[in-house]
Amino acid sequence: MPDLPFFLFLLFCSLPFSSSSPDTNTPTLSEAVRIIQVNAIQELNQNIVEQETLIKNKEDESRVLKNVIETQKTELNTIPVMKNDISNQKMMMDIMKEEAKEKEKKISGLETKSKDIGVLVKFMRTVLNQNIIKAQTNGIRQVTNLENFIKMTGLPFNQDDAGKIIPNAGHPQCKMDYTTWTEDWRMVKYSTQAQAATHCDQAPASSYKTGLTSGWHRFVFNGVHARIPTHAPASQYRGYGQICGTNAASWMDGTLPSLGEPPKDVTIKFSGAGKAEYNTNTRKPAKVVACLDENYQTFYLYHLVQVASCNFAYCATTAF
């Protein structure tokens, strides 16, 4: 904007002057000054508006710059977090690399073991085949020995269609139905101290009656064949409960039959109350037959009846 006094001077010089009488259209000095002031004020106001607009624009730019700066500050603040994330990712990658190395080692070890197992399997197959051959050879030898044994001892035998010798199970009764008794209390356990002696071989079954009925019976304890004793117990074992789990226990007056013989008639006696035989009224008739199991072991079946009174019972021993 021009300097105000200089501007007024130029304006003043531009005014018309005449020596004649003043022109009514020519403004007076005061009017000229007023016009100059109005124009100056308008120009000043316009200048102020322009300056305000410029200031506003600058303020807007400043706010934008502030926002940019704040955004950049925020981004700068995230840089440590990003660094930590990158560092953590690197650590994870290192851990994963180590794990991969360990897995590679394990895989290598497993491959080695697999090869070793393959070699071992081949070796075991070879040994197995050798054992099979040995077993077959031994089996043939054992069968031959068994056949020779049967021929030498005169044991009963059959022959199959090929003429092969097969030992039979003894008398046909051995293939008939029978009851197997396995209770531990029936096992003969001679003792000077009385055992629980509450069992009785009578029917019907109850808390102390076993339910034994007339028929063929077998005794097996813990997988071992047992037989009724063939002699009376020693004098110190004739008290109640000193033989097995009953007051008066059985024993057989007679000898056992041989394999292949028909059932043999025997008499069962009962020992108790300090006597070899409780009394003659308690005797019971019985039969016994010898049989052969699948392992060529001899066992005995007994045809027994209910005892005379309680507490009497049939007991057996594994001693042969």
Side-chain angles (χ1 to χ4, degrees), residues 1-135 182 184 207 222-223:
M1 180 180 177
D3 187 64
L4 186 58
F6 179 72
F7 178 78
L8 292 176
F9 173 74
L10 291 177
L11 181 64
F12 179 74
C13 291
S14 66
L15 293 174
F17 289 95
S18 176
S19 59
S20 61
S21 60
D23 190 351
T24 57
N25 294 326
T26 302
T28 62
L29 181 59
S30 60
E31 288 177 347
V33 171
R34 184 180 59 79
I35 292 171
I36 292 170
Q37 290 176 342
V38 170
N39 290 335
I41 289 169
Q42 289 177 348
E43 187 174 354
L44 181 61
N45 288 335
Q46 185 178 356
N47 191 24
I48 290 171
V49 171
E50 291 176 354
Q51 291 295 326
E52 289 178 346
T53 301
L54 182 61
I55 290 170
K56 185 176 181 302
N57 291 336
K58 293 297 181 182
E59 288 177 346
D60 292 339
E61 291 178 1
S62 177
R63 281 194 294 273
V64 172
L65 287 173
K66 284 182 179 181
N67 290 334
V68 172
I69 290 171
E70 291 298 327
T71 301
Q72 291 180 350
K73 284 182 178 180
T74 302
E75 292 177 353
L76 287 173
N77 290 333
T78 61
I79 288 175
V81 176
M82 294 174 65
K83 286 183 177 179
N84 289 334
D85 291 340
I86 293 172
S87 177
N88 291 334
Q89 290 178 0
K90 287 182 177 179
M91 291 176 62
M92 290 297 296
M93 290 179 66
D94 292 338
I95 293 172
M96 291 174 68
K97 287 180 180 179
E98 292 298 325
E99 290 179 349
K101 290 180 180 179
E102 291 297 326
K103 288 181 179 179
E104 288 177 355
K105 290 180 181 179
K106 289 182 179 179
I107 290 171
S108 177
L110 289 173
E111 289 176 347
T112 302
K113 288 183 179 179
S114 178
K115 293 179 181 178
D116 294 340
I117 290 172
V119 174
L120 180 61
V121 168
K122 290 181 180 179
F123 174 74
M124 292 176 67
R125 283 177 178 172
T126 302
V127 173
L128 179 60
N129 290 332
Q130 293 175 352
N131 289 336
I132 290 173
I133 294 172
K134 288 181 181 179
T182 61
D184 185 67
S207 60
N222 299 318

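Only heavy atoms go into these numbers, but all of them, side chains included; no hydrogens, no water, no symmetry mates.
Within the 4.5 Å cutoff, the side chain of Val68 has heavy atoms near those of the Gln72 side chain. Side chains of Gln42 and Asn39 form a contact here, defined as non-hydrogen atoms less than 4.5 Å apart. By the 4.5 Å heavy-atom criterion applied to side chains, Ile48 and Asn45 are counted as neighbours.
Asn47 places no side-chain N or O within 3.5 Å of a backbone atom of Glu43 that could act as its donor or acceptor partner. Glu31 places a side-chain N or O within donor-acceptor distance of the main-chain N or O of Thr28, the cut-off being under 3.5 Å. Judged by distance alone, the side chain of Ser62 and the main-chain N or O of Lys58 form no donor-acceptor pair under 3.5 Å.
Once rounded to the nearest 0.5 Å, the distance linking CE of Met93 with NZ of Lys97 reads 5.0 Å. Within the model, atoms CD1 of Ile117 and CG of Leu110 stand 8.5 Å from one another, a figure rounded to the nearest 0.5 Å. Here the straight-line distance linking atom NZ of Lys106 with atom CD of Glu104 works out to 12.5 Å at 0.5 Å rounding. Here CD1 of Ile69 is found 6.0 Å from CG of Leu65. Values are rounded to the nearest 0.5 Å. Distance CD1/Ile55 to CD/Glu59: 7.0 Å, rounded to 0.5 Å. One distance of note links CD1 of Ile41 with CD of Gln46; it measures 14.0 Å at 0.5 Å rounding.
Asp184 pairs by the side chain to side chain donor-acceptor pair (under 3.5 Å) definition with Lys189, not counting sequence neighbours. Here Ser108 pairs with nothing under the side chain to side chain donor-acceptor pair (under 3.5 Å) rule; sequence neighbours left out.
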Worked verdict on Lys56 versus Asp60 for salt bridge (charged side-chain N to carboxylate O under 4.0 Å, His left out): CA-CA 6 Å; Lys56 185 176 181 302; Asp60 292 339; 3.4 Å; yes
- prompt: Can you list the steps and then say if Val33 with Gln37 is a side chain to side chain contact (heavy atoms under 4.5 Å, CB included)?
  reply: CA-CA 6 Å; Val33 171; Gln37 290 176 342; 3.8 Å; yes
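For Asn222, the CG atom counts as loosely surrounded, since its 6.0 Å shell holds 12 or fewer non-hydrogen atoms of other residues, nucleotides or ligands.
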